[in-house]
Structures are given as C-alpha cells and as structure tokens.
Amino acid sequence: MSQHHETKPAPLRRRDYLGFVLPMAVLLGTAMAIASVYLGQDHNYDQRNYHLYDGYSYYHGRFDLDYLVADIHTFLNPSLHALQYLLISSFRPAITGAILGIVHSLNLIAAAVLVLYFLDGPRWAKYMMAVLASAAAASGPMFLSEIGTTFSDIWTAPAVVLAAGLIAMSPSSQNSKYLLAIAGVLLGVAAAVKLTNGSFALAGAVCVIFLKIRTDISWTAFVCFVVGGLIGFGLVGGEWAFRLWTNFSNPVFPFFNGLFRSPDFYFHNIKDERFGASGIVDLLAAPWQAAVGTLETAEIKFRDARMLLLVALAVCVAFHHQRHARPSNYLAVFGVFYVSSYLLWYVFFGIQRYMLPLEILAGPICVLLINRLCQPRQAVMLAAALTIGLASWTRTGTWGRVEWAAAWQSPQLSDGIDGTRLFVFLDPPPIPVASAVLALPASASYIRLGGHVPLVRGTTFHRRATTIVDRLRNAKAKALIVDRPIPAIALSQLQQMGLALTQACTRIVIQHLSLQACDLKWNAD
C-alpha cells in the first residue's frame, strides 16, 4: 500500500484535451448514438403523458388554448421538452434517437474529466482510470435504461456531476469564487429543468458550508454559489415560474402548495407515496438491497452494487488515512455531497431515476478512492476488475421501446375528425393520452376532465375552462375516451360546461393508443 499525501491536482494541458478528451468524446458520442438506435424508439409512459405535449404546447403557445391536457404535469417547466419536441419534429425518429444518445454521452465525458483533474500519478494511469470511470458510469442500471429517452434525469445529470466537481476543485484554486458561482449556475439550471434536482442544489450548499468550516474559503464564495444558483434557475425557469406566479400565485404550481397556498389547488405538498424511506433501517439497508435486486425504488426491476462498493471503498480509505495521511479535501467534498444528496433524495423522493447523478458520480469517486489505496499499476488493475464486476452484475429494465417508425407520432385517423374545434379527454384510467394531441388538429382546443385538479367555481381553472368553452360554444366537439366506464366526476364536469355525451363514436389509433372519438352535443342554455 502506498502512503499518499495531499497534492494539488496537476492541471490538464492542451494535449490532454486534444489527444485524449476530444477523441474519447467522439468515441463515446458515436457509441451512445449506436446504442440508442439499437435499443429502439423511446415510448416511455411520461413521454406519452407529458414530455411530448408540454414541449408541443410551449412551442406553439397553447397555454391559454388548452386545459389540463397533461393533468398536473401540464405545469412543469417545459424548456427541455420544447427542445426535445423540436428534435422530434425536425428529424426522422432514428436520427433523433441518435442525437439523444450523443447528448446523453456527456454524462460519461463528465465522469472521465473529473478523474483526469483529480487523479495524481503518471499520465497513462490517469487516462486508463478515466476510461474505467466512464465505463463504470455507463454500466449503471438507470443510465442504461434511459439511453436515448426523453427523461430529464439523464439530460441534467452532467450539470450536477460537473457542479460537484467544481465545488471539490475550489479549495485548491485561486478562483474558488468563480468555480462556486459556475457550480451554482449549473445546479440552478438543473433544478429549473427538473425540480427534484433541487436536492442536489441543497447538497451543494451543504458542501460549500463544509468547505468554509474546513478550509479558508470566504463567505463571499458561498454568496457567489447562491447567486449563481439563482441566476441559473432564473435563466432557464424564471419566465415559466413568473407565468405560474401571475396565474396561480405559486411559482412551481401545483407543487409545494402547502407552502405557497394557491387557492387553485389543495393546500398540501404533492409527493409520490409509493417510494421513499419509511425509517432509518430502510435508509441504511438500501445499498445492500440495491446490490441484491430487492430495492423497490423504481417501476422497473434493477440490480446494482455500486453504492455498496462505494461504501466499502470509503471505509477502506478512511481507515488507511487514519494510519497514514489526512483525507484529501476533494474526497471529503465528494463524500459530503454524495451523502447529503442521498439523504435528501431518500427522504423526499426515493425514486431511483432521480438519483441518476449519484449513479454517474459513483464511477469516478470509486476510481479516486482506489487510487488512494494503491500504486498506479495496481490501482488500474483493481479498478478494471471492479468495473467489469459491476457491469456483469448490473441488471436493468426498460421504460418502453417500440420499433423505429417513419414518424414519432403515426396517426391512423378515422373520418369525422376534420372540422372538430373542441376535443375533451374524459379522464382515462392510468393510460397516458396527452401526446395524442400532436396527431390531432392544431386548430382545435383540448380539455381534460376528471383529473387531479378540482374544477371549482371561482377558481382560475374554472375561469380558464369556461373561457375556452364559451369561445367554442356550438362548434363541433368530440369526447376522447380510452375505456369505459367513464369516471362520474368527468361526466359531472362535462355537464357543468354545458356538454352531453352521445353514442355516435368512431375509433382512432395514434401510435399504439386506441381511442373512441364520440360526438358531444351542446345543451340548450
């Protein structure tokens, strides 16, 4: 065993970027594009429920034309989904899938760059360990399941991983304030795109406070981090948050409404009760349960030993440092970030997809821990063996794939749809329907009834729904039904709007979704 001492990481030189990072990025991007095309077209539930619709709605300015088409998910920040909609509507599906794969390869590049920066030792060893860190990150079950998909987790994970790296770099840099400001911007952007990334922003703040206590960074650096976070959030989510605030008095409506207390929704904070910690035992047992495949934090079955390996290596390094050297600042920062992120994630969410940044970050952290235990040659051999073991042990599932089609949405519409100005989704069973709007007439308005948002007289929602209906009164209208029986609350709300369901129905099929389109008649005033 070697006796490492704290050293300042050697800066990357131009030849490192041109001779290693750039070729590696090209190879990873190509490999991920091929993998995405090989796996097939993404057809996940959330995409059909709101990813496609939210992007389409934002891009085409449908905020006031439609009503709750994606239920509460209608109000999520649509910036990333709008970008994905542009890709989907501009290219053939297989090309879009390849582009998504290339973008998702940024996760693996970020993992490699962290190792290149923090690893001390011969250049050949740094390069080999960077490759192994990238390979370890690529073998994560959630990462594998999300390649080429429209999930936000895999899009925003590189920002979180790089932000953690910048925070860890700051103690050894003369530009710590700027590094922390950039880290704040990255975490702010990640939280704006996906609110659940707010847990990583909080973990970043914990890390900066930890550094203030442990090192000589100033409180000014902490302020730079916070201001950077606000700027990042404002750049990507500010316009949308302002729109929600002006409409519903809640900038993240309908979430955290126990805090903001918008009169247009229940006064409680929405939480997925299926997952999350039920006690300290569950919290501590999760690494072992994930390793043996019994951890129930996702809708798909998975098996992953990286968290258990990370704990084992951290214990070994802590024992080694106790005997030989003071722990490295950057390893301590990574440890604080990982543990605080994990605790916040498990307490508030417990949904495995939301933990994807930590899954990616585990690869480079494991490699850096191994480097603290062994000489370079032995470290590379041990890291290679553990990376192969992790990849061999990992099992994952799929969120839904179909064969590549000529168009992302392939409608097979029956006669009678043309001329319809109002379509009403009578809230279906748990079957995603919002993406069907993309294949139906853009000149129509769309309303969903019977969902999670109450249609109560005097609320913003009642006024919005009434405005749409009054504007289209006596126009041709159809109800879209997935299955029967129709929920009583949906029929009651339909009656409130002055509409009645008829038995004149036709069948339409839109990308594996079969719907009945039934005529609606306007009741006499």
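Position 1 is the first residue of the sequence, and the numbers go up from there.
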task = For atom OH of Tyr38, decide whether the heavy atoms of other residues, nucleotides or ligands shown that lie under 6.0 angstrom number more than 12.
result = no
Requested in this report: For Thr215 and Lys212, indicate whether the former's side chain and the latter's backbone hold a donor-acceptor pair under 3.5 Å.
Outcome: no
Applied to residues 176-204, the salt bridge (Lys or Arg N to Asp or Glu O under 4.0 Å) test, sequence neighbours excluded, yields Asp153-Lys194
task = Indicate yes or no for a side-chain donor-acceptor contact from Trp404 to the backbone of Val37 under 3.5 Å, with no hydrogens or angles considered.
result = yes
Review point. Is the Phe334-Tyr338 ring centre distance short of 6.0 angstrom?
Key: no
* To do: Show your reasoning for whether side-chain hydrogen bond (donor to acceptor under 3.5 Å, both in side chains) applies to Thr149 and Asn44.
  => CA-CA 8 Å; Thr149 68; Asn44 75 75; 5.1 Å; no
Please tabulate, for the side chains in residues 299-312, all donor-acceptor contacts under 3.5 angstrom to protein atoms that are two or more places apart in sequence or on a different chain.
{"from": "Glu299", "atom 1": "OE2", "to": "Arg274", "atom 2": "NH1", "distance (Å)": "3.4"}
{"from": "Glu299", "atom 1": "OE2", "to": "Arg274", "atom 2": "NH2", "distance (Å)": "2.9"}
{"from": "Arg303", "atom 1": "NE", "to": "Trp393", "atom 2": "O", "distance (Å)": "2.9"}
{"from": "Arg303", "atom 1": "NH2", "to": "Trp393", "atom 2": "O", "distance (Å)": "3.0"}
{"from": "Asp304", "atom 1": "OD1", "to": "Arg306", "atom 2": "N", "distance (Å)": "3.4"}
{"from": "Asp304", "atom 1": "OD1", "to": "Arg306", "atom 2": "NE", "distance (Å)": "2.8"}
{"from": "Asp304", "atom 1": "OD1", "to": "Arg306", "atom 2": "NH2", "distance (Å)": "3.4"}
{"from": "Asp304", "atom 1": "OD2", "to": "Arg306", "atom 2": "NE", "distance (Å)": "2.9"}
{"from": "Arg306", "atom 1": "NH1", "to": "Ala136", "atom 2": "O", "distance (Å)": "2.7"}
{"from": "Arg306", "atom 1": "NH2", "to": "Ser139", "atom 2": "O", "distance (Å)": "3.2"}
{"from": "Arg306", "atom 1": "NH2", "to": "Ser139", "atom 2": "OG", "distance (Å)": "3.0"}

Taken to the nearest 0.5 Å, the spacing of Leu187 CG from Phe225 CZ works out to 5.0 Å
Does Leu166 form a side-chain contact (heavy atoms from CB on, under 4.5 Å) with Leu180? I'd like the steps, not just the answer. CA-CA 7 Å; Leu166 289 171; Leu180 292 175; over 6 Å; no
Output for pair (Met129 CE, Thr387 OG1), nearest 0.5 Å, gives 8.5 Å
Distance col, row Asn49:CG vs Asp54:CG, nearest 0.5 angstrom, shows 8.5 Å
Q: Keeping the roles fixed (side chain from Thr74, backbone from Ala70), state whether a donor-acceptor pair exists under 3.5 Å.
A: yes
Side chain of Glu359, backbone of Met142: donor and acceptor closer than 3.5 Å? yes
Greater than 12 external heavy atoms within 6.0 Å of Phe210's CZ: yes
Flag, side chain of His104 to backbone of Leu100, donor-acceptor distance under 3.5 Å = yes
*Run the ring-centre check on Trp124 versus Tyr127 and record whether the distance is less than 6.0 Å.*
no
### Query
More than 12 non-hydrogen atoms from neighbouring residues, nucleotides or ligands closer than 6.0 Å to CZ on Arg377, yes or no?
no
Exercise. Could you tell me whether the side chain of Leu382 reaches within less than 4.5 Å of the side chain of Leu373, counting heavy atoms only?
Key: no
**Asked** When you measure from the side chain of Ser36 to the backbone N and O of Met32, does any donor-acceptor pair fall under 3.5 Å?
**Response** no
| said: Checking the side chain of Asn77 only, and the main-chain atoms of Ala192 only, is there a donor and an acceptor separated by less than 3.5 Å? | reply: yes
Within a strict 4.5 Å, meaning less than it, do heavy atoms of the Leu202 and Val206 side chains meet?
no
**Message:** Can you classify the ring geometry of Phe222 versus Trp219 as parallel (below 30°), tilted (30 to 60°) or perpendicular (above 60°)?
**Reply:** perpendicular
Is the CZ atom of Arg92 crowded by more than 12 outside heavy atoms at less than 6.0 Å?
no
Separation between CG (Leu80) and OG (Ser152), nearest 0.5 Å, reads 4.5 Å
Donor-acceptor under 3.5 Å (Asn329 side chain, Ser172 main chain)
no
d(Asn250 CG, Trp245 CH2) to nearest 0.5 Å is 7.5 Å
Hey, does the side chain of Asn371 reach the backbone of Ala379 with a donor-acceptor pair shorter than 3.5 angstrom? no
**OP:** Could you go through the ring-ring contact (aromatic ring centres under 6.0 Å, His included) check for Tyr342 and Trp345 one step at a time?
**Re:** CA-CA 5 Å; Tyr342 173 74; Trp345 164 81; 5.7 Å; yes
Ring centres under 6.0 Å, that's the criterion: do His73 and Tyr53 meet it? no
Discussion item. Using only atom types and a distance under 3.5 Å, with no angle test, would you say the side chain of Trp155 pairs donor to acceptor with the backbone of Ala190?
Written reply: no
Should Phe151 and Trp399 be marked as a side-chain contact (heavy atoms from CB on, under 4.5 Å) after you check the CA-CA gap, both sets of side-chain angles, and the distance that decides it? CA-CA 10 Å; Phe151 284 116; Trp399 303 99; 3.5 Å; yes
